[in-house]
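Atom set for the values below is all heavy atoms of this structure, side chains included, hydrogens, waters and symmetry mates excluded. In this text the structure is predicted, and so the values were computed from the model without any measurement. Letters A, B, ... mirror the listed sequences (proteins, then strands); counts begin at 1.
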Amino acid sequence: MNDAAIMDVPQRSAEDRFRAEIADWMRAHLSGRFAELRHRGGPGDEEAFPELRKEWERELAAGGWTCVGWPREHGGRGLSITQQVIFHEEYARAGGPGRMGHIGEGLIGPALIRFGSAAQQKRFLPEIVAGAEFWAQGYSEPNAGSDLANVQTRCTQQPDGRWQVQGQKIWTSLAQESDWIFVLARSEPGSKGNKGLSFLLLPLRQPGISIWPIRQLGGGAEFNEVFFDGALADNEHMVGAPGEGWKVAMGLLEAERGVSTLGQQMHFSHELERIVRVAKQNGRERDAQIRQRIAHAWIGLRVMRYNALRMLAGDATSLGREALIYKYYWSNWHRDLGKLAMDVLGAEGDVRSDEPDIRALQQLFFFSRADTIYAGTNEIQLNLIAERGLGMPREPRGDSPMTTNNKP
Amino acid sequence: MNDAAIMDVPQRSAEDRFRAEIADWMRAHLSGRFAELRHRGGPGDEEAFPELRKEWERELAAGGWTCVGWPREHGGRGLSITQQVIFHEEYARAGGPGRMGHIGEGLIGPALIRFGSAAQQKRFLPEIVAGAEFWAQGYSEPNAGSDLANVQTRCTQQPDGRWQVQGQKIWTSLAQESDWIFVLARSEPGSKGNKGLSFLLLPLRQPGISIWPIRQLGGGAEFNEVFFDGALADNEHMVGAPGEGWKVAMGLLEAERGVSTLGQQMHFSHELERIVRVAKQNGRERDAQIRQRIAHAWIGLRVMRYNALRMLAGDATSLGREALIYKYYWSNWHRDLGKLAMDVLGAEGDVRSDEPDIRALQQLFFFSRADTIYAGTNEIQLNLIAERGLGMPREPRGDSPMTTNNKP
Amino acid sequence: MDLTLTDDQLMIREAAQSFLADTSDSAAVRSAMASSTGFDAAVWQRIAGELGWCATAVPEQYGGLGLGPVALALLLEQMGRHLLCAPFFSTVCLAANWLAEGGCDASRQRFLPEIAEGKLRLTMPVNESANDWIDGKQVLRARREGAGWRLDGICARVPDAGTADWLLLPARLDERSGQHWATGMFAVPRNASGLNIDALETWDATRRFFRVELNGVTLMPQQRVDHAHRGIDGAMRSAALARLYLAAEQLGGAQACLDLTVAHTATRKQFGRTLASFQAVKHRCAEMMVRIEALRSAVYGAAAYAADSVHGEPPEALALECAMASALAADTYFYCAQEAIQLHGGVGFTWEYDPQLYFKRAQASSHWFGTADALRERIAAAVFA
Amino acid sequence: MDLTLTDDQLMIREAAQSFLADTSDSAAVRSAMASSTGFDAAVWQRIAGELGWCATAVPEQYGGLGLGPVALALLLEQMGRHLLCAPFFSTVCLAANWLAEGGCDASRQRFLPEIAEGKLRLTMPVNESANDWIDGKQVLRARREGAGWRLDGICARVPDAGTADWLLLPARLDERSGQHWATGMFAVPRNASGLNIDALETWDATRRFFRVELNGVTLMPQQRVDHAHRGIDGAMRSAALARLYLAAEQLGGAQACLDLTVAHTATRKQFGRTLASFQAVKHRCAEMMVRIEALRSAVYGAAAYAADSVHGEPPEALALECAMASALAADTYFYCAQEAIQLHGGVGFTWEYDPQLYFKRAQASSHWFGTADALRERIAAAVFA
């Protein structure tokens, strides 16, 4: 088997033509000045070439390759799920860079299509489709950890109808590079948990907002703290009614339905290929333990692929068991892959390097430590799986009396 | 390294003579009709040759080798800890059989020395030392699981002063072969948890007691359910005062101080030697994964030995960190060893066999499943380690309000 | 590739689940374990005769339903979940599968229609090598005798041989084929002269295994049943599919371990709370679910891959897919059975409760066609090639 | 064997713990990491000069305290716990250890007293092989030149070479010794002509590593420092001891990871409860403690074994003891560092919090003298011998 074949599957259908169309387009366009973007900008590398990657978004838009899964009436390409799968696979196979527009395209866009007013849709969706405006998200707060409903950020309506925001969000990726941010804030003073929250859209570049990068263990700073001190949102930029913020926020998180995971997997596959290449070069391919771990990794890739296909085959209105396990599975697989990469590198891995394979694998090792933590830690994922997947009792909150039969 | 050397350590001290004395004695006495007892009667094999093993206890007693750690005034040999270590090691190295008298010698005897009346000591201790009376324990109850304080068995004092016992105990090993049983029973009606309990000694062979063996997954029945229906205990056979049962029961469990674990380890070492022998014979010694697991097992043996030596070196009045982890460590190590044994046997392991190595390893595989469950499950052990070893908050009981800072 | 199950497939799964819940509950399994043949003839009659499960994947041209590997894998999953004791795996997943993939035309005509009708039980040896039936490790020897053959040697482990009508036995020929000794497959009736079949007493009593000894068993020329050209590729394909079906069965077993555990912890109380309310118990059940769903993805994916693949294709890619599912299945089943025993607490290691039945099957099936380690080594070899 | 710590040993541990808590807290470590030399010269002066830690295990006849491996291991444990940045390991655990075990009398006289006094810093290469310094994999070549030697080649990883006074470098001679090339050890001053020392930028910034290149470095005869007879056994013993000391340091690091985690979870609240009150968090901390105490037993046991063992003894048994401690230490440290990051949640992977410092050291030290896998393979070879 050659390296490139690790994720290959036999293609027999008429969809081959569509696949070829994308591959051709990528070959023609991810070249010239865009060539250096190949395989860049993924997790752990999100800071790479931000301006050029924004131009790349516009290149994609010009080709009609942004928001490919959105309905046509909202400016999307209206691709079927199978076609979306093919698009994301071919995009990643060609080394397409991490998408600067993914929060707009994957999160806030679909949320606006579902919950937004006609005016909001008209104002924001075309800019996302065109690669003209980029988005950041403001969910997590310091000291809240995985408890998303523990929102301390407040918003207060001004006499002129605008909402003034006060508080702090954390783990906001690409905040410096973005134009807008969506924020979950407490609009009913004294409310608790997921009640009394509202969902607001704010321009990021305004006096009341300051952004502080968080330095990560690998030295990068993909994430930020965002401070709101009197930042303002127009009244018409609240999505849903005041107090409906939680509903919008949860609906937004459910929008992620597995299609883009296939693109993520092509990226993972590419990382495994790097490891295989290094192991062949430095002779660790002869180590029986490394071989077992390589096989484990290969098996995990296969599992993720079939798991994603099960997600796509499943009932689109409910979260299937395969969807429930997916975050936990991929993030732990990826963290293990990072350790495997480093062990294959051996002593060479300990020294910072500019050699592309080594550099990429070191980034993988360090950045993948965040995978099992952000977007729901391992611990939260296991709670969810037990409670929603197996119907086991909920964890009691400390501020409520202990109840053992409190089924979800 | 030859097999027998797996647990060997260099001997340089004057204790060598003592070691040789025991080895000589064992060689001379564990022979003739006792020869078939070698390496028998261990965990998973407790039903083997009960009568002959009782005779063996009397043989040991005649040589002064029962209750070697008890004080001389109670009929023991008064050995130092180092000497006890040597005794248990040499006993196990010679293939000494599982001790029928271990509950008397290791549990109830020391408890009587500490908590018993002079009359109780006079009545019971000599019989234990002589190998004349054998004991069973009655702690766990059905539906109580690992919650030892959840005692439903009741005892009521009769007009003649005797205590009548009503209830049921479970996981009682060797009940059919024993003469006496000690029982924790609720003497104060309406009391809860560890309050209102009393500690009673009862003859097992009486009309009010019936014994039902529990068939285990490996087919054996080392454990029993013991039913008490009006069984009687003399008033003078209550240890401590009424209501002091919990104190006695806990003191008894603490009596186990690590010396005998070194004997247990010699048994484990013998099992690992069997696995090594089989792997050499059937060629699995060439399997790189099996080799790693063999090394893991060898390392674990070493850890347990040094851990036991730390326990012996520690402060005898408090439970050190090394003592806190010991049960969890050895039981999981042993369960893994059972799986390793079976994997080394391969298909041969699936067929019941009379070949001694195969038979012993199959028993190991099945019986070791109980190791992580009886005497405090893994889950209870981890709670204890977190709460007592790390000072983390206690698990809330379902029947009390949730408290998060309820430190032990 | 689309993993959506068709209505037919969903119906088969549903029907199997409901039939087996009735006929293969704990009492039925224990009764079959204690019986002389190891299975309930009446249940087998319904499975093979009325329900036609043996016909599921047999090609239509040989009287089967031709529903392919996905439907058969779904059946096996339910069988594993309910610990069905029956000569189904040997007849359908070993023998019929081999015949369809690697058998000569005459042997297929001879056996497949009767298997599909549920009238014939066949079996084949299970070997411990990950290198399939073509690796030349067969211990049987076949020598030409007149126009026919004479077979000698021992097969250490043949499932259901005591009740099968025919045994398909691979034997080494005294001829070279390239670098290897050539191998032939021979159909031997159970009552053949010179054939001794001895029952083995296995810890996992939900399946029967036999030691088979051949002392000068003479066969007619037509009893050599492998296809002249397709033999090797066919053997590799059928070995891959046998792994897949075993993995599906193991998936069902692992699921049952989780289901038993969730049910037990929901009712059992300790320290005044249900066991299921302890977070550590929840997380461990969740971890089981993660591994089971991963395995389900692997099995369904490999089955869909097998369904899409065709006879002419080189078998290597299919072999890797099935090796993946199989390695994962062996580990996952054992893990879940171990956790089921542990989380059942004291009753978990008793004979009376069911976790032990799954546990023994998990161990016994962990090395049927090579251990998980060996399969991973094979995958690594392909990745590094 | 008695694992009771003596009063001296308890005092040393206590003193080290309290000194390092003051001088090697998080701010001090980060400041040393950012400094040009990689350590705080004033702290080093106190450690080597005032406190006399470098003398701990140096034999009394060479001006040391002769307190042996147990005391030195206890020191290393505390250093690891506090991430001490200092050229201690290279000077004491590599060079002085090697000199005491395998050095010729003259070289011991020359170096050990000054090391014990804290006046001299030495270092040696770290190689990735589990087969010690005698496996002939040295890439340096030593040729005779006149009465002396000429050294050429590259050492890829030498700790603290940029600040050491002397480097002890093993080199292959152009002579055979039995089946192997003979190896000699050479003492090279840092300012030797033809010696180039280049700093490596490592992820773990708590230690400095250097690439050392020798281009025709000429040495006097007395700069070959290995003992004529005891060279090989001494090298094996000192390699074993170096593993032990590294394991002790890793033990301290693992303990710190647990301590940080228990402290963090005790104060941090989520869903209205402290993290420490969640049973899954408790069990995972308990699991860390189990592994750490197991490692502690291994390290203390191996150290006591080393203290009981004597120079003349064949080194194999000691090598296995230390391989055991080392394999366990590499895995345990990484495990605990990983869990510390995970259980710290979002802040766990920030630069600002300390788990990452331990995490990087855990990874970097996981293969210093061979990986845990390689050490286990070595143990297996001995068990099966």
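Proximity to chain B is absent for every atom of Glu316(D), based on heavy atoms less than 4.5 angstrom apart. For Gln381(B), no part lies near chain D; criterion is any non-hydrogen pair under 4.5 Å. Contact annotation for Ala325(D): neither backbone nor side-chain heavy atoms come within less than 4.5 Å of a heavy atom of chain B. For a residue to count as touching a neighbouring chain, one of its non-hydrogen atoms must lie under 4.5 Å from one of that chain's; by this rule Ile294(B) touches chain D with the side chain only. No part of Ile292(D) comes within reach of chain B, as not one of its non-hydrogen atoms sits under 4.5 angstrom from that chain.
Between Arg296(D) and Arg321(B) there is a side-chain heavy-atom pair separated by less than 4.5 Å. For the pair Leu382(B)/Arg284(D), no side-chain contact is recorded, criterion being any heavy-atom separation below 4.5 Å from C-beta on. Looking only at side-chain heavy atoms (C-beta outward), Val290(D) and Leu324(B) stay at 4.5 Å or farther from each other. Asn383(B) has its side chain within reach of His283(D): a pair of non-hydrogen atoms, C-beta onward, lies under 4.5 Å apart.
Atom OG in Ser277(D) sits 14.5 Å away from atom CZ in Arg394(B) (nearest 0.5 Å). Atom-to-atom distance recorded for Met288(D):CE and Ile385(B):CD1 is 13.5 Å, nearest 0.5 angstrom. Considering OG of Ser297(D) and CE of Met311(B), their distance stands at 9.5 Å, rounded to 0.5 Å. A distance of 8.5 Å separates CG in Asp331(D) from CD1 in Ile299(B), rounded to the nearest 0.5 Å. Remark: Arg286(B) CZ to Phe384(D) CZ distance equals 10.5 Å, nearest 0.5 Å. Taking CZ of Arg291(B) as the start and CD1 of Ile379(D) as the end, the distance is 11.5 Å to the nearest 0.5 Å.
Here the shortest heavy-atom pairing between Ala298(D) and Val303(B) reads CB-CG2, 4.1 Å. Nearest heavy-atom pair, Leu3(D) versus Ala313(B), reported as atom, atom and distance to 0.1 Å: C-CB, 3.6 Å. Here the closest non-hydrogen pair linking Ala295(B) and Ala380(D) is CB-N, 4.2 Å.
Gln292(B) places a side-chain N or O within donor-acceptor distance of the main-chain N or O of Asp373(D), the cut-off being under 3.5 Å. Formation of a donor-acceptor pair under 3.5 Å by the Arg310(B) side chain with backbone atoms of Glu293(D) is found in this model. At least one donor-acceptor pair closer than 3.5 Å links the side chain of Lys282(D) to the backbone N or O of Pro393(B).
Proximity to chain D among residues 327-337 of chain B is limited to Tyr328(B), Tyr329(B), judged by heavy-atom separations below 4.5 angstrom.
Within 6.0 Å of OH on Tyr335(D) lie more than 12 heavy atoms contributed by other residues, nucleotides or ligands. The environment of CD in Glu14(D) is sparse: at most 12 heavy-atom neighbours from other residues, nucleotides or ligands sit within 6.0 Å.
Inspection of the Glu321(D) and Tyr306(B) side chains reveals an N or O donor paired with an N or O acceptor under 3.5 Å.
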Exercise. Please walk me through it: do Leu309(B) and Asp2(D) pass side chain to side chain contact (heavy atoms under 4.5 Å, CB included)?
Worked result: CA-CA 7 Å; Leu309(B) 292 175; Asp2(D) 188 347; over 6 Å; no
Exercise. Does the pair Met392(B) and Thr274(D) meet the rule for a side chain to side chain contact (heavy atoms under 4.5 Å, CB included), with working shown?
Worked result: CA-CA 10 Å; Met392(B) 297 178 86; Thr274(D) 61; over 6 Å; no
